[in-house]
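These notes are about the structure you will find just below.
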Amino acid sequence: MKLNEIDQHKSTEEIAKNLLGCLVVKETEAGKVSGWIVETEAYLGVEDEAAHTFNGRKTPRVAAMYETAGTVYIYSMHTHHMLNIVTQPEGIPHAVLIRAIEPFEGEDLMLMNRQKQGVELTNGPGKMTKAMGINMSDNGTNIEEKPLYINDSLKKIPQVIEASPRIGIPNKGIWTEEPLRYTVVGNPYVSRKRGKVSVDNGWKTVLK
DNA sequence: CTTCAGATCACCT
DNA sequence: GGTGATCTGAAGA
(Lines give C-alpha, C1' and ligand atoms only; values in the text may rest on other atoms or scores of the structure.)
Protein backbone atom coordinates (compact mmCIF):
# COMPACT_ATOMS: atom_id res chain seq x y z
CA MET A 1 0.00 0.00 0.00
CA LYS A 2 1.15 3.53 -0.75
CA LEU A 3 0.95 5.92 2.14
CA ASN A 4 -0.04 9.46 1.27
CA GLU A 5 0.77 10.65 4.75
CA ILE A 6 4.46 9.83 4.49
CA ASP A 7 5.49 12.02 1.58
CA GLN A 8 9.21 12.73 1.58
CA HIS A 9 8.55 16.22 0.24
CA LYS A 10 6.66 17.19 3.37
CA SER A 11 8.16 18.38 6.64
CA THR A 12 8.25 16.02 9.59
CA GLU A 13 5.89 18.31 11.50
CA GLU A 14 3.44 18.15 8.60
CA ILE A 15 3.61 14.36 8.51
CA ALA A 16 3.10 14.16 12.28
CA LYS A 17 -0.16 16.08 11.88
CA ASN A 18 -1.26 14.04 8.85
CA LEU A 19 -0.78 10.78 10.74
CA LEU A 20 -3.49 11.74 13.25
CA GLY A 21 -6.60 9.76 12.35
CA CYS A 22 -4.72 7.04 10.45
CA LEU A 23 -5.32 3.43 11.48
CA VAL A 24 -2.35 1.47 12.89
CA VAL A 25 -2.69 -2.27 12.43
CA LYS A 26 -0.73 -5.18 13.91
CA GLU A 27 -1.40 -8.73 12.80
CA THR A 28 -0.21 -11.47 15.12
CA GLU A 29 -0.84 -15.18 15.44
CA ALA A 30 -3.33 -14.38 18.16
CA GLY A 31 -5.28 -12.09 15.86
CA LYS A 32 -5.53 -8.58 14.51
CA VAL A 33 -5.47 -5.41 16.59
CA SER A 34 -5.83 -1.85 15.34
CA GLY A 35 -6.54 1.69 16.46
CA TRP A 36 -6.71 5.29 15.28
CA ILE A 37 -3.75 7.54 16.01
CA VAL A 38 -4.77 10.38 18.34
CA GLU A 39 -1.38 11.72 19.47
CA THR A 40 2.05 12.12 17.79
CA GLU A 41 5.35 13.90 18.38
CA ALA A 42 7.95 15.05 15.83
CA TYR A 43 11.67 14.44 16.37
CA LEU A 44 13.89 16.49 14.11
CA GLY A 45 17.10 14.59 13.53
CA VAL A 46 20.56 16.00 14.23
CA GLU A 47 19.56 19.49 15.38
CA ASP A 48 16.91 18.40 17.89
CA GLU A 49 18.48 18.00 21.32
CA ALA A 50 15.60 15.81 22.42
CA ALA A 51 16.09 13.31 19.58
CA HIS A 52 18.21 10.20 19.92
CA THR A 53 20.07 11.27 16.79
CA PHE A 54 21.06 14.71 18.10
CA ASN A 55 24.40 15.88 16.75
CA GLY A 56 24.51 13.01 14.30
CA ARG A 57 24.68 10.26 16.87
CA LYS A 58 24.58 6.96 15.05
CA THR A 59 24.73 3.79 17.13
CA PRO A 60 23.28 0.34 16.46
CA ARG A 61 20.24 1.24 18.54
CA VAL A 62 19.25 4.23 16.40
CA ALA A 63 20.35 2.81 13.04
CA ALA A 64 16.77 2.48 11.80
CA MET A 65 16.35 6.25 12.10
CA TYR A 66 18.74 6.72 9.17
CA GLU A 67 16.80 4.43 6.85
CA THR A 68 14.28 5.55 4.25
CA ALA A 69 10.88 7.08 5.03
CA GLY A 70 8.39 4.55 6.34
CA THR A 71 10.93 2.55 8.34
CA VAL A 72 9.79 1.57 11.84
CA TYR A 73 12.03 2.59 14.73
CA ILE A 74 11.36 0.98 18.12
CA TYR A 75 12.95 2.48 21.21
CA SER A 76 12.91 0.44 24.39
CA MET A 77 13.26 1.86 27.84
CA HIS A 78 12.30 0.81 31.37
CA THR A 79 10.75 -2.36 29.96
CA HIS A 80 8.53 -0.32 27.66
CA HIS A 81 8.60 0.08 23.89
CA MET A 82 7.88 3.17 21.81
CA LEU A 83 6.78 3.21 18.17
CA ASN A 84 8.32 5.66 15.70
CA ILE A 85 8.03 6.10 11.95
CA VAL A 86 10.91 7.57 9.90
CA THR A 87 9.71 10.46 7.75
CA GLN A 88 12.57 11.56 5.49
CA PRO A 89 14.88 10.03 2.86
CA GLU A 90 17.77 7.76 3.83
CA GLY A 91 20.43 9.55 5.88
CA ILE A 92 18.08 12.14 7.41
CA PRO A 93 17.06 10.83 10.87
CA HIS A 94 13.69 12.50 11.35
CA ALA A 95 10.85 10.49 12.90
CA VAL A 96 7.35 10.73 14.31
CA LEU A 97 6.59 9.07 17.65
CA ILE A 98 3.13 7.52 17.93
CA ARG A 99 2.04 8.25 21.50
CA ALA A 100 -1.57 7.10 21.72
CA ILE A 101 -4.37 5.41 19.80
CA GLU A 102 -8.13 4.94 20.08
CA PRO A 103 -8.81 1.17 19.91
CA PHE A 104 -10.74 -0.15 16.89
CA GLU A 105 -10.33 -3.88 16.20
CA GLY A 106 -9.18 -6.55 18.64
CA GLU A 107 -9.97 -4.71 21.85
CA ASP A 108 -10.38 -8.08 23.56
CA LEU A 109 -6.76 -8.97 22.70
CA MET A 110 -5.57 -5.60 24.04
CA LEU A 111 -7.36 -6.29 27.30
CA MET A 112 -5.45 -9.55 27.62
CA ASN A 113 -2.13 -7.84 26.88
CA ARG A 114 -2.68 -4.94 29.25
CA GLN A 115 -4.85 -6.03 32.18
CA LYS A 116 -6.36 -2.53 32.11
CA GLN A 117 -9.66 -1.14 30.91
CA GLY A 118 -11.05 2.02 29.31
CA VAL A 119 -8.68 4.78 28.29
CA GLU A 120 -5.88 3.22 30.34
CA LEU A 121 -5.64 0.61 27.58
CA THR A 122 -3.78 2.77 25.04
CA ASN A 123 -3.38 6.36 26.33
CA GLY A 124 0.44 6.44 26.32
CA PRO A 125 3.41 5.37 24.18
CA GLY A 126 4.40 2.39 26.31
CA LYS A 127 0.78 1.42 26.90
CA MET A 128 -0.33 1.28 23.27
CA THR A 129 2.69 -0.77 22.16
CA LYS A 130 2.06 -3.30 24.90
CA ALA A 131 -1.65 -3.46 24.11
CA MET A 132 -0.93 -4.04 20.41
CA GLY A 133 1.92 -6.48 20.94
CA ILE A 134 4.53 -4.24 19.30
CA ASN A 135 8.12 -5.03 20.26
CA MET A 136 11.74 -5.07 19.09
CA SER A 137 10.92 -7.57 16.35
CA ASP A 138 9.19 -4.71 14.51
CA ASN A 139 12.31 -2.52 14.57
CA GLY A 140 13.58 -1.79 11.06
CA THR A 141 10.50 -3.11 9.27
CA ASN A 142 8.48 -0.97 6.87
CA ILE A 143 5.20 0.65 7.94
CA GLU A 144 3.63 -0.14 4.57
CA GLU A 145 4.00 -3.90 5.04
CA LYS A 146 2.61 -6.54 7.37
CA PRO A 147 2.56 -7.48 10.18
CA LEU A 148 2.79 -3.89 11.45
CA TYR A 149 1.35 -1.33 9.05
CA ILE A 150 -0.79 1.78 8.65
CA ASN A 151 -4.07 1.82 6.78
CA ASP A 152 -4.92 5.34 5.59
CA SER A 153 -7.92 4.33 3.50
CA LEU A 154 -10.06 4.34 6.66
CA LYS A 155 -8.69 7.64 7.88
CA LYS A 156 -10.63 9.80 10.31
CA ILE A 157 -10.33 13.58 10.26
CA PRO A 158 -9.75 15.46 13.53
CA GLN A 159 -12.06 18.39 14.29
CA VAL A 160 -9.24 20.34 15.93
CA ILE A 161 -5.51 19.56 16.13
CA GLU A 162 -3.61 21.09 19.04
CA ALA A 163 0.16 21.60 19.12
CA SER A 164 1.89 21.54 22.51
CA PRO A 165 5.35 20.91 24.02
CA ARG A 166 6.56 17.30 23.96
CA ILE A 167 6.27 15.11 27.04
CA GLY A 168 9.27 14.07 29.12
CA ILE A 169 11.81 16.45 27.54
CA PRO A 170 13.28 18.55 30.38
CA ASN A 171 16.42 20.71 30.15
CA LYS A 172 16.70 20.63 26.38
CA GLY A 173 16.78 24.39 25.72
CA ILE A 174 14.27 25.66 23.17
CA TRP A 175 13.43 22.06 22.31
CA THR A 176 11.71 21.57 25.67
CA GLU A 177 9.11 24.21 24.81
CA GLU A 178 8.90 23.73 21.04
CA PRO A 179 5.29 22.69 20.17
CA LEU A 180 6.09 19.46 18.32
CA ARG A 181 3.40 17.34 19.96
CA TYR A 182 0.09 17.03 18.12
CA THR A 183 -3.15 15.81 19.64
CA VAL A 184 -6.77 15.32 18.60
CA VAL A 185 -8.58 17.79 20.85
CA GLY A 186 -11.33 16.16 22.91
CA ASN A 187 -10.25 12.56 22.33
CA PRO A 188 -10.22 10.63 25.62
CA TYR A 189 -7.18 8.50 24.68
CA VAL A 190 -4.78 11.47 24.47
CA SER A 191 -2.14 11.01 27.20
CA ARG A 192 -1.98 13.28 30.26
CA LYS A 193 -5.28 14.72 29.21
CA ARG A 194 -7.07 17.38 31.21
CA GLY A 195 -10.42 18.86 30.37
CA LYS A 196 -13.46 17.26 28.93
CA VAL A 197 -14.12 14.81 26.15
CA SER A 198 -15.77 16.06 22.95
CA VAL A 199 -18.69 14.47 21.21
CA ASP A 200 -17.52 12.06 18.50
CA ASN A 201 -14.23 11.82 20.44
CA GLY A 202 -12.96 14.85 18.50
CA TRP A 203 -13.41 13.35 15.01
CA LYS A 204 -15.30 15.05 12.22
CA THR A 205 -18.51 13.37 11.26
CA VAL A 206 -18.11 11.17 8.22
CA LEU A 207 -20.09 12.64 5.33
CA LYS A 208 -19.94 9.90 2.73
C1' DC B 1 -7.75 15.43 41.80
C1' DT B 2 -2.15 15.98 41.57
C1' DT B 3 2.53 14.84 42.62
C1' DC B 4 6.36 11.55 43.34
C1' DA B 5 9.43 7.65 43.97
C1' DG B 6 10.67 3.22 42.43
C1' DA B 7 10.75 -0.29 39.11
C1' DT B 8 14.12 -2.23 35.98
C1' DC B 9 17.15 -2.77 31.78
C1' DA B 10 19.21 -1.97 27.18
C1' DC B 11 22.42 0.78 25.64
C1' DC B 12 25.92 4.34 25.89
C1' DT B 13 30.49 6.18 27.99
C1' DG C 1 28.44 3.28 36.20
C1' DG C 2 24.81 6.45 34.49
C1' DT C 3 20.96 7.52 31.92
C1' DG C 4 16.35 7.75 30.01
C1' DA C 5 10.87 10.02 24.20
C1' DT C 6 7.55 5.58 30.76
C1' DC C 7 4.19 3.42 33.94
C1' DT C 8 2.20 2.53 38.29
C1' DG C 9 0.62 2.68 42.94
C1' DA C 10 0.65 5.22 46.99
C1' DA C 11 0.44 9.38 49.47
C1' DG C 12 -0.95 14.28 49.91
C1' DA C 13 -4.05 18.53 48.97
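Below, chain A is the first sequence line, B the second, and so on; all start at residue 1.
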Looking at [X], does any N or O in its side chain come under 4.0 Å of the phosphate oxygens OP1/OP2 on [N]?
| X | N | value |
| --- | --- | --- |
| A:Arg194 | B:dT2 | yes |
| A:Arg61 | C:dA5 | no |
| A:Thr79 | B:dC9 | no |
| A:Tyr75 | C:dA5 | yes |

Checklist entry - Applying a 3.5 Å limit to both distances, which nucleotide forms a Watson-Crick or G-U wobble pair with C:dA5? => result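 WC or wobble partner does not exist here.
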Checklist entry - Which base, if any, makes a Watson-Crick or G-U wobble pair with B:dT8, both distances under 3.5 Å? => result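 For B:dT8, the partner nucleotide comes out as none, under the 3.5 Å rule.
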Item to check | A:Tyr43-A:His94 aromatic ring centre distance below 6.0 Å | outcome: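 So the answer is no for these two rings.
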Quick one: [X] [atom1] to [N] [atom2], roughly how many Å, whole number?
| X | N | atom1 | atom2 | answer |
| --- | --- | --- | --- | --- |
| A:Glu41 | C:dT6 | CD | C1' | 12 Å |
| A:Met77 | C:dT8 | CE | P | 13 Å |
| A:Arg192 | B:dC4 | CZ | P | 12 Å |
| A:Met128 | C:dT6 | CE | P | 14 Å |
| A:Arg57 | B:dA10 | CZ | C1' | 12 Å |
| A:Tyr73 | B:dC11 | OH | P | 10 Å |
| A:Ile167 | B:dT3 | CD1 | C1' | 15 Å |
| A:Lys130 | C:dC7 | NZ | P | 11 Å |

Item to check | Plane angle bin for A:Tyr73 and A:His52 - parallel if under 30°, tilted between 30 and 60°, otherwise perpendicular | outcome: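 Perpendicular: the ring planes of A:His52 and A:Tyr73 meet at over 60°.
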Mind checking [X] for me? I need base, sugar-phosphate or nothing, with any heavy atom below 4.0 Å counting as a touch.
| X | value |
| --- | --- |
| A:Arg181 | nothing |
| A:Arg166 | nothing |
| A:Leu97 | base |

Checklist entry - Stepwise, does the side chain to side chain contact (heavy atoms under 4.5 Å, CB included) test hold for A:Val86 with A:Thr68? => result CA-CA 7 Å; A:Val86 179; A:Thr68 188; over 6 Å; no
Checklist entry - Which sits closer to the 5' end of DNA chain C, A:Glu120 or A:Gly168, going by the nucleotide each is nearest to? => result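 Here A:Gly168 is the residue nearer the 5' end.
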Item to check | Given DNA chain C, 5'-ward residue of the pair A:Asn123 and A:Lys172, judged by closest heavy atom | outcome: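 The answer here is A:Lys172.
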Checklist entry - What nucleotide among B:dC12, C:dC7, B:dA10 has an atom nearest to a side-chain atom of A:Ser76? => result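 Of all the options, the side chain of A:Ser76 is nearest to B:dA10.
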Item to check | Candidates C:dT8, C:dT6, C:dA5 - which lies nearest the side chain of A:Lys116 | outcome: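 Looking only at heavy atoms from C-beta outward on A:Lys116, the closest nucleotide is C:dT8.
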Next on the checklist: One pair to check against side chain to side chain contact (heavy atoms under 4.5 Å, CB included): A:Val72 and A:Leu83. What are the steps and the verdict?
Outcome noted: CA-CA 7 Å; A:Val72 172; A:Leu83 171 61; 3.7 Å; yes
Next on the checklist: Under a plain distance cut-off of 3.5 Å, with no hydrogens placed, do A:Glu27 and A:Tyr149 share a side-chain donor-acceptor pair?
Outcome noted: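 Judged by distance alone, the side chains do pair up.
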Checklist entry - Looking at A:Lys172 and A:Asp48, does any basic side-chain N land under 4.0 Å from a carboxylate oxygen? => result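 Judged by the 4.0 Å cut-off on N to carboxylate O distance, A:Lys172 and A:Asp48 do not form a salt bridge.
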Next on the checklist: Check for me: is A:His52 stacked on C:dA5 by the 5.5 Å centroid and 30° plane-angle rule?
Outcome noted: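 Ring-base stacking flag set for A:His52 and C:dA5.
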